[in-house]
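What follows is a set of notes on a single structure, which appears directly below.
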Amino acid sequence: MQPEGRSDRPVLGAGRHLASQHRLGDSRPYVRVPGGPATPGDAAPAPATHAGEPSRPGMGGKAGLALYRDRPQGAGGHRRRSRRRDRLGDPSPMRSLRRGGWTHCLHLGREEDGSLGCQRQQGGAGQGDGERRRGRLAAPAAGARRAIAGSPSQDSRNLAVTTMKRQKIKALLEAGRPQDDVLVKGWVRTRRGSKKVAFIELNDGSTLDNLQLVVDGEAACFAQVEKLSTGAAMAARGRLVPSQGRGQTLELQVAEVVVYGGADEKYPLQKKGHSLEFLREIAHLRPRTNTFGAVFRLRHALAYGIHKFFHERGFYYVHTPIITTSDCEGAGQMFQVTTLPLASGAPPDFAADFFGKPAYLTVSGQLEGELFALALGEIYTFGPTFRAENSNTPRHLAEFWMIEPEMAFYDLDDNMDLAEDFLKSIILHCMSECPRDLAFLNDRYQKDLLDTLKNVTESRFARITYSEAIEILGKSGETFEFPTHWGADLQTEHERYLTEKHFRRPVIVYNYPKAIKAFYMRQNDDGRTVAAMDVLFPRIGEMIGGSQREERLEVLSSRIRELGLPEASYQWYLDTRRFGTAPHSGFGLGFERTLQFITGMGNIRDVIPFPRTPGSAEF
RNA sequence: UCCUCGGUAGCUCAAUGGUAGAGCAACCGGCUGUUAACCGGUUGGUUGUAGGUUCGAGUCCUACCCGAGGAGCCA
């Protein structure tokens with residue numbers, strides 16, 4: 001990344017993407033922000049970064065004290081917090097650290113040479129001899145030794161390690177019983193020890209917990225182990241036995257070792273805490289930390305729980321388009337997709353563009369979802385969504401994932417019932433699938449996380465009309481920055497008062513003024529409200545927004561005209577109201593925001609693998 | 001986009017306008033069924049960038065870049 005290349009770029013990162021593609025003669029569609037044309041001068045080459053050579057731009061402390069107040073990371077933070085806790089008489093942080101075994105990183109920094117990969121047999125522990133044949137024990141030829149580090153084929157010629165079935169650490173620890181001959185593969189979190197014995201914490205990603213490997217100083221593979229450092233990938237074979245030490249129930253007495261790839265002193269993850277801001281800069285390596293391992297296992301559990309919920313209720317998963325030519329989605333500023341040349345200076349001729357008209361990345365699959373709901377009955381979408389808004393907050397991404405169920409013959413009450421069942425179900429799914437990860441996040445980031453999740457799943461969500469909400473807020477005695485009055489949208493501070501102070505649980509607000517809601521929402525008989533509903537969560541704010549849809553052709557058409565929307569663009573949508581229209585409802589759920597709530601992570605950029613935000617689309 | 005705070009060693013942070021330091025990491029050595037292992041030693045800096053004020057700038061001023069928090073937009 002060339003620093004000077006960053007100075008003149010457009011507000012959003014799309015321009016760089018464009019220009020670099022252009023330079024490569026790539027004719028694939030690219031994306032830009034309407035009204036923000038990029039020029040080739042905006043180009044900056046993609047960072048020459050890969051797993052082996054992490055770039056570390058812009059080093060320097062980024063942490064604010066506020067971060068540490070809630071989520072300690074980093075040695076300094078731990079010390080400060082510990083001191084503070086000592087004053088408060090709470091010694092728990094250090095205890096939880098030890099219990100959690102939270103080795104984010106850990107370093108080991110040795111030059112890797114041929115000897116590191118030299119396959120030797122251990123003779124100390126005595127197990128596995130019967131399986132070892134003399135030929136397989138032979139030392140590799142000198143040439144093979146030099147290439148050993150990246151040469152699994154070498155291993156396959158010499159070790160039983162690669163012929164056995166590998167077992168996952170999660171399965172071994174959950175089984176909880178000793179086994180004679182076990183093969184595990186993973187990454188070294190930390191190594192410690194002496195000349196007499198070495199200990200390795202091995203993590204294979206299957207679970208938060210590490211497996212402790214024990215290598216006796218007399219073992220033949222001890223020399224290999226001595227050179228292992230944090231971050232190295234390895235296989236270990238041996239006997240799983242009850243641990244002699246405290247801190248774990250089982251450990252692996254290692255007989256054989258294969259080192260797949262070392263990690264030298266440049267490996268950025270150290271044996272100390274790192275700030276979330278720093279880890280964001282090395283997003284290609286952060287999944288190797290406890291925190292991000294937990295977050296992304298939970299991300300999977302949440303996605304699976306969502307599919308499971310809908311599948312079990314007979315909903316069909318519909319893949320709505322990512323590229324759209326309807327500029328009528330109305331949910332926000334869109335990224336434009338085009339193959340037109342950028343730097344011509346002439347007004348764009350969209351008739352000559354790839355799709356023959358302006359095209360964009362979708363901001364919502366709802367309208368298309370409605371088409372399928374009015375055919376298959378109950379459907380949902382689950383896919384990426386793009387908003388080209390210059391939002392710089394811990395709750396916004398330019399690329400995020402959204403779930404949008406749409407149901408024929410559901411009224412607003414049905415819709416609210418489904419939303420509540422849905423949220424409780426997917427949270428419960430995560431709690432049952434990832435108890436270890438949630439316990440870790442609870443200890444480390446948000447002490448009341450598990451209580452909060454439990455509270456949500458066990459409480460009945462409050463349901464109030466918008467008018468009632470305004471009344472409650474007016475009587476609250478609170479002084480809000482934005483005074484409330486009927487007709488104004490609820491501000492963040494209002495939502496938080498309702499969920500965190502007044503009700504202390506999730507709140508569904510429904511029947512909003514029609515002026516502040518979208519055109520497709522069903523008008524109520526009072527003439528001034530629509531059948532909209534928002535599910536508000538403590539801390540997060542709006543988790544779900546939905547409505548019963550306007551199914552009456554005349555009402556919908558006149559609303560479109562009233563708002564000055566391009567009626568011609570909606571003909572395919574209006575056809576559903578012309579032919580066999582039916583009452584139907586749906587809602588949208590931000591996947592990352594849900595995950596934020598479940599993990600307790602304060603910043604949405606830490607619950608998506610590679611966050612895209614204004615000015616930032618690395619990796 | 002607006003407001004506020006910040007950017008000093010690999011990381012986390014110190015440093016009245018006057019010789020840039022510490023802890024951790026790394027490296028060398030020692031010791032230990034260890035577990036954020038421990039003990040001793042060593043190395044490590046264009047103080048975000050560019051200007052300016054000053055005898056002298058990490059510190060003061062201006063612009064820009066980057067990060068965080070709050071707001072708006074929203075999911």
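Quick note: numbers below take in every heavy atom, side chains included, and nothing from hydrogens, waters or symmetry partners. Convention: sequence-line order gives letters A, B, ...; per-chain numbering from 1.
In this structure, of G33(B), U12(B), A37(B), it is U12(B) that holds the atom nearest to the side chain of S275(A). The side chain of K196(A) lies closest to G33(B), out of C11(B), A71(B), G33(B). Checked against G33(B), G72(B), U1(B), the side chain of V197(A) finds its nearest nucleotide in G33(B). Ranking G69(B), A37(B), G33(B) by closeness to the E251(A) side chain, first place goes to G33(B). The side chain of N390(A) sits closest to U1(B) out of C74(B), U1(B), U34(B).
Computed from coordinates, the E281(A) CD to C65(B) C1' distance equals 14 Å when rounded to whole Å. The separation between E592(A) atom CD and C74(B) atom C1' is 14 Å, rounded to whole Å. Atom-to-atom, CG of L279(A) to P of G67(B) comes out at 16 Å; the value is rounded to the nearest Å. In this structure, CZ of F482(A) is placed 11 Å from C1' of C2(B), rounded to the nearest angstrom. Taking atom CZ of R192(A) as the reference point, atom P of C39(B) lies 16 Å away to the nearest angstrom. Distance CD (E404(A)) to C1' (C74(B)): 13 Å, rounded to an integer number of Å. At whole-Å resolution of the value, CZ in F400(A) and P in C74(B) are 12 Å apart. At whole-Å resolution of the value, CZ in R496(A) and P in C74(B) are 19 Å apart.
G7(B) and G45(B) have their C1' atoms separated by 15 Å, with the value rounded to a whole Å. Remark: the separation of the C1' atoms in A22(B) and G17(B) is 23 Å, to the nearest Å. Across the P atoms, C11(B) and U47(B) are found 15 Å apart, a figure rounded to whole Å. A14(B) sits 35 Å from G29(B) when the P atoms are compared, rounded to a whole Å. For the C1' atoms, the distance from C61(B) to U54(B) is 12 Å, rounded to whole Å. G52(B) and A57(B) have their C1' atoms separated by 11 Å, given to the nearest Å. The gap from the C1' atom of G23(B) to that of C65(B) amounts to 30 Å, rounded to the nearest Å. Distance noted for atom P between C3(B) and A9(B): 29 Å (whole Å).
Contact annotation for T393(A): base contact, defined as any heavy-atom pair under 4.0 Å involving a base atom. Counting any heavy atom pair closer than 4.0 Å across all strands shown, T594(A) reaches no nucleic acid atom. Counting non-hydrogen atoms under 4.0 angstrom, G245(A) reaches a base of the nucleic acid. Across all strands shown, Q244(A) has heavy atoms under 4.0 Å from base atoms, whether or not it also approaches the sugar-phosphate.
For E420(A), the salt bridge (Lys or Arg N to Asp or Glu O under 4.0 Å) criterion is met by K424(A), R460(A), R463(A), not counting sequence neighbours. Legend: residues meeting side-chain contact (heavy atoms from CB on, under 4.5 Å) with V456(A), ordered by chain and number and at least two apart, are I427(A), F461(A), P506(A), F537(A), F597(A). By the side-chain contact (heavy atoms from CB on, under 4.5 Å) test, R280(A) pairs with L276(A), E277(A), R286(A), N603(A), R605(A), D606(A), sequence neighbours left out. Taking H307(A) as the reference, Y317(A), Y380(A), F382(A) meet the side-chain contact (heavy atoms from CB on, under 4.5 Å) condition, with sequence neighbours excluded. Residues satisfying the ring pair (Phe, Tyr, Trp, His ring centres under 6.0 Å) test with F309(A), not counting sequence neighbours, are F422(A).
Counting atom types as modelled, E277(A) pairs no side-chain N or O with a base atom of G7(B) as donor and acceptor under 3.5 Å. Residue-to-nucleotide contacts include no donor-acceptor pair under 3.5 Å from the side chain of E389(A) to the base of G72(B). You won't find any donor-acceptor pair under 3.5 Å spanning the side chain of H274(A) and the base of C11(B), going by distance alone.
To the nearest 0.5 angstrom, D534(A) atom CG is 7.5 Å from D489(A) atom CG.
Of the side-chain N and O atoms in Q491(A), one or more sit less than 4.0 angstrom from OP1 or OP2 of G72(B). Put simply, T492(A) has a side-chain N or O that comes within less than 4.0 Å of OP1 or OP2 on G72(B). Proximity of N603(A) to the phosphate of G69(B): a side-chain N or O atom is located under 4.0 Å from OP1 or OP2. One finds a side-chain N or O of R280(A) lying less than 4.0 angstrom from the OP1 or OP2 phosphate oxygen of A68(B). Between G67(B) and R605(A), no contact under 4.0 Å exists linking OP1 or OP2 to a side-chain N or O.
Side-chain contact between F587(A) and I403(A) is absent, with no heavy-atom pair separated by less than 4.5 Å. Counting heavy atoms from C-beta on, the side chains of M601(A) and Q446(A) never come closer than 4.5 Å.
Using modelled atom types and a 3.5 Å distance limit, the side chains of Y520(A) and E370(A) yield no donor-acceptor pair.
Residues Q212(A) and S391(A) each lie close to RNA chain B; by heavy-atom proximity, the contact nearer the 5' end of the strand is made by Q212(A).
With L202(A) as the partner, the side chain to side chain contact (heavy atoms under 4.5 Å, CB included) test is satisfied by one option alone out of M234(A), R191(A), Q212(A): M234(A).
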Quiz item: How does RNA chain B look in dot-bracket form if you count Watson-Crick and G-U pairs under 3.5 Å, write [ ] for pairs that cross, and put | where a base pairs with another strand?
Solution: (((((((..((((....[..)))).(((((.......))))).....(((((..]....))))))))))))....
